[in-house]
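Because the structure is predicted, anything quoted here is derived from the model rather than measured. Just so it is clear: chains get the letters A, B, ... in the order the sequence lines come, proteins before strands, and each one is counted from 1.
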Protein chains: 2
Amino acid sequence: MRSDFYSIARFSALEAFVAFAMLAALSLPAVAEMPATDALASWNEGPAKQAIVDFVKATTDQSSPNFVPPEERLATFDQDGTLWVEHPMYSQVVYCLDRVPALVKAKPELANVEPFKTVMSGDREAVAKLTTHDLEKILFATLTGMTVNVFSEEAAKWIAAAKDTRWKRPYTELTYQPMQEVLSYLRANGFKTYIVTGGGQDFVRVYSQRVYGIPPEQVVGTAAGTTYSYDADGKPILTKDPKLLLNDNDAGKPEGIHLMIGRRPYAAFGNSTGDQQMLEYTGAGDGLRLKMLVLHDDAEREYAYGPAQGLPDTKVGTFTQALYDEAKRDGWTVISMKNDWKTIFPAAH
Amino acid sequence: MRSDFYSIARFSALEAFVAFAMLAALSLPAVAEMPATDALASWNEGPAKQAIVDFVKATTDQSSPNFVPPEERLATFDQDGTLWVEHPMYSQVVYCLDRVPALVKAKPELANVEPFKTVMSGDREAVAKLTTHDLEKILFATLTGMTVNVFSEEAAKWIAAAKDTRWKRPYTELTYQPMQEVLSYLRANGFKTYIVTGGGQDFVRVYSQRVYGIPPEQVVGTAAGTTYSYDADGKPILTKDPKLLLNDNDAGKPEGIHLMIGRRPYAAFGNSTGDQQMLEYTGAGDGLRLKMLVLHDDAEREYAYGPAQGLPDTKVGTFTQALYDEAKRDGWTVISMKNDWKTIFPAAH
């Protein structure tokens with residue numbers, strides 16, 4: 001009952017009132033009969049699903065030694081490769097590449113400057129070979145320099161239209177259904193869910209509510225500074241600076257969590273070495289903590305990559321053997337996409 | 001009813017359930033009879049109280065053109081001089097000065113180095129004359145270099161014991177009762193309340209829940225970076241760096257709001273030039289926005305200071321004539337402590 005009521009209370013006080021009024025009128029028992037595990041319908045029975053259910057039971061049962069007061073229930077999720085597809089390229093990088101023509105139109109002098117010249121050539125193989133340093137140049141050029149409002153509008157327009165080339169579906173439909181269920185299940189049990197992403201904070205905030213039910217203020221990500229000034233009409237504006245404030249990867253994740261949230265998560269989910277420190281930091285807290293890593297081992301339904309499976313390392317989502325060993329040693333749970341998930345994506349709309 | 005139920009729902013789903021079960025059992029109407037304005041019992045009738053009530057009505061009434069969906073209801077409050085006493089010295093500065101003896105004990109070489117030497121001398125007049133640069137040295141030396149856990153423990157111990165010299169009461173009891181009522185009233189109407197303070201984010205987070213009912217993740221403040229590392233036992237730690245990430249004053253307030261929250265407030269409360277840009281930024285949004293400034297014009301019950309009243313400028317809470325003029329021009333509401341507030345502080349425990 002507790003979990004069901006929580007889920008109601010989060011959404012609408014009015015709905016909750018109506019629900020209780022109806023229960024009272026019908027003299028029905030307030031306790032829902034559905035087993036809590038149905039909340040994870042896309043998960044196969046196994047240690048991963050069990051770890052989630054056991055954690056929620058232990059932290060929400062007042063008689064449990066691991067009970068966590070509702071206000072401290074906090075769960076953090078990496079995004080790329082943990083909540084949605086990151087392969088073969090982070091969707092935000094695709095966004096930045098897609099922005100280059102407009103950028104060159106506004107600043108024609110960039111047409112003959114690398115790496116913009118390569119992007120404008122349309123040569124996909126050459127683009128795929130761009131160095132990290134080249135990509136950073138493109139990211140700064142396409143993610144900064146405009147007001148935060150203009151950026152949000154451009155990003156919203158793109159995310160509404162852009163599609164993944166393999167599935168021909170919007171990126172926002174390529175979230176992992178089993179992870180969506182974990183988000184909902186945790187929230188239904190009083191947990192505040194956060195995204196803690198190496199991706200751009202402003203970018204993810206554009207769609208986080210719609211796609212994950214996570215409001216902008218619960219998105220922590222890589223962040224550039226802004227500068228406050230006034231436009232020609234004297235109206236206040238915030239302009240995105242090419243100055244990195246928070247690199248929300250690796251050690252930057254616990255540092256970002258401390259900066260933006262100020263307390264330690266009870267549960268953390270990731271899929272790569274970029275999440276290692278977030279899971280370590282989560283695990284270093286008192287009591288029961290849930291630490292989970294998504295392993296991309298499903299070449300058929302999604303992708304299989306990373307040294308932990310003897311597969312080549314890639315630019316994205318590196319799941320190394322060392323990370324795998326740390327997970328085993330410290331009691332983190334590895335989620336096998338292939339074995340633990342009945343379905344990968346939500347049904348098409 | 002709406003507002004009352006919201007206030008219940010925020011605290012405990014279980015309590016809410018019990019409350020409704022009782023209402024149903026007793027066949028009482030669920031609609032509370034108390035007028036909404038009773039929530040502001042410490043406010044005299046007048047334009048300031050009216051502005052708050054009108055704003056809440058307009059933003060929560062679904063038939064109003066200024067209705068704001070619950071998830072977008074966001075209100076930001078400066079702390080020092082807006083929610084509690086800031087005169088004659090910010091309590092966090094008192095904390096830092098109080099920490100100097102322990103600092104000098106740990107680093108004896110500082111005993112003969114200024115400004116630590118002056119602080120150790122106990123000469124209050126000399127301490128009062130320290131420059132901003134001197135104070136910064138003291139702040140960095142006493143607020144950084146330790147783990148975030150050690151800092152929180154030290155700050156919590158101090159805030160539990162330290163007392164204001166004039167009222168002989170803990171600083172945490174010198175919050176403004178009328179502003180506590182505004183916080184509760186807004187929350188009861190579905191607003192998420194944030195502190196946006198020039199003070200240290202980590203410092204205010206130590207007591208924000210207990211003192212204001214505001215959780216740590218809803219405190220935005222001046223923030224130093226942290227560094228993630230491992231202690232001698234291999235346990236992850238976060239150490240506070242002497243590196244300023246966010247100076248949450250002046251333009252830093254809207255910049256901090258964008259960084260930490262990611263959306264524009266519908267209501268903002270301040271008391272000095274340090275809050276000017278936050279109120280401008282709030283006012284620049286669409287629809288109805290509430291912008292309020294607390295004027296310290298009550299020398300008897302609290303303090304009267306600031307050029308706007310022809311009084312000398314001070315190091316804290318500068319309410320200039322220019323700010324007063326901007327408030328009048330742009331429809332901000334000035335709260336007179338003397339005329340608008342029936343009481344200043346909550347009753348002693």
Side-chain angles (χ1 to χ4, degrees), chain A residues 1-2 5-6 8-10 12-14 16-17 20-21 23-25 30 62 70-72 74 148 190 192 194 201-202 205 208-209 215-220 223 225-230 235-238 245-246 250-255 257-263 277 280-284, chain B residues 1-2 5-14 16-17 20-21 23-25 30 70-72 74 148 190 192 194 201-202 205 209 215-220 223 225-230 235-238 245-246 250-255 257-263 277 280-284:
Chain A
M1 181 219 66
R2 186 181 192 92
F5 182 76
Y6 264 103
I8 294 166
R10 289 191 69 83
S12 159
L14 193 61
F17 170 68
F20 277 114
L23 283 174
Q62 293 220 25
E71 67 274 15
E72 292 178 24
L74 188 71
V148 298
K192 220 176 203 181
Y194 279 80
Q201 182 167 276
D202 285 347
R205 281 175 171 173
S208 61
Q209 179 71 51
E217 61 268 26
Q218 286 166 223
V219 174
V220 177
T226 58
T227 296
Y228 180 88
S229 66
Y230 306 90
K235 195 171 172 174
I237 49 172
L238 285 173
L245 265 191
L246 173 64
D250 310 312
K253 290 211 175 192
E255 291 162 5
I257 288 169
H258 180 74
L259 176 68
M260 311 282 281
I261 310 175
R263 39 185 161 192
Q277 291 85 348
E280 290 173 349
Y281 180 66
T282 301
Chain B
M1 183 220 65
R2 187 184 190 90
F5 182 75
Y6 262 103
S7 71
I8 294 167
R10 287 191 69 82
F11 293 114
S12 157
L14 193 62
F17 171 68
F20 277 114
L23 284 173
E71 66 274 15
E72 291 178 24
L74 189 71
V148 298
K192 220 176 202 181
Y194 280 80
Q201 182 167 275
D202 285 348
R205 282 175 170 174
Q209 179 70 52
E217 60 269 26
Q218 285 165 225
V219 174
V220 177
T226 58
T227 295
Y228 179 88
S229 66
Y230 306 90
K235 195 173 171 171
I237 49 173
L238 285 173
L245 266 191
L246 173 64
D250 309 312
K253 290 211 175 191
E255 291 162 4
I257 288 169
H258 180 74
L259 176 68
M260 311 282 280
I261 310 175
R263 39 185 161 191
Q277 290 86 347
E280 288 172 350
Y281 179 66
T282 301

Exercise for the section: Decide yes or no on side-chain contact (heavy atoms from CB on, under 4.5 Å) for B:Tyr230 and A:Gln277, but give the supporting numbers first. Expected result: CA-CA 10 Å; B:Tyr230 306 90; A:Gln277 291 85 348; 4.2 Å; yes

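- With chain A as partner, the option from B:Ile261, B:Asp250, B:Leu74, B:Leu246 having the largest number of non-hydrogen pairs under 4.5 angstrom is B:Ile261.
- Partners of A:Glu217 by salt bridge (Lys or Arg N to Asp or Glu O under 4.0 Å), not counting sequence neighbours, listed by chain and number: B:Lys192, B:Arg263.
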Exercise for the section: Mind running side-chain contact (heavy atoms from CB on, under 4.5 Å) on B:Tyr228 and A:His258 for me, showing each step along the way? Expected result: CA-CA 10 Å; B:Tyr228 179 88; A:His258 180 74; over 6 Å; no

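- With a 4.5 angstrom heavy-atom cutoff, B:Gln201 touches chain A only via side-chain atoms.
- Among residues two or more places apart in sequence or in another chain, the salt bridge (Lys or Arg N to Asp or Glu O under 4.0 Å) test is passed with A:Glu72 by none.
- Among the candidates B:Val219, B:Ile237, B:Val148, B:Val220, the residue making the largest number of heavy-atom pairs closer than 4.5 Å to chain A is B:Val148.
- The side-chain heavy atoms of A:Leu245 and B:Leu259, taken from C-beta on, include a pair separated by under 4.5 Å.
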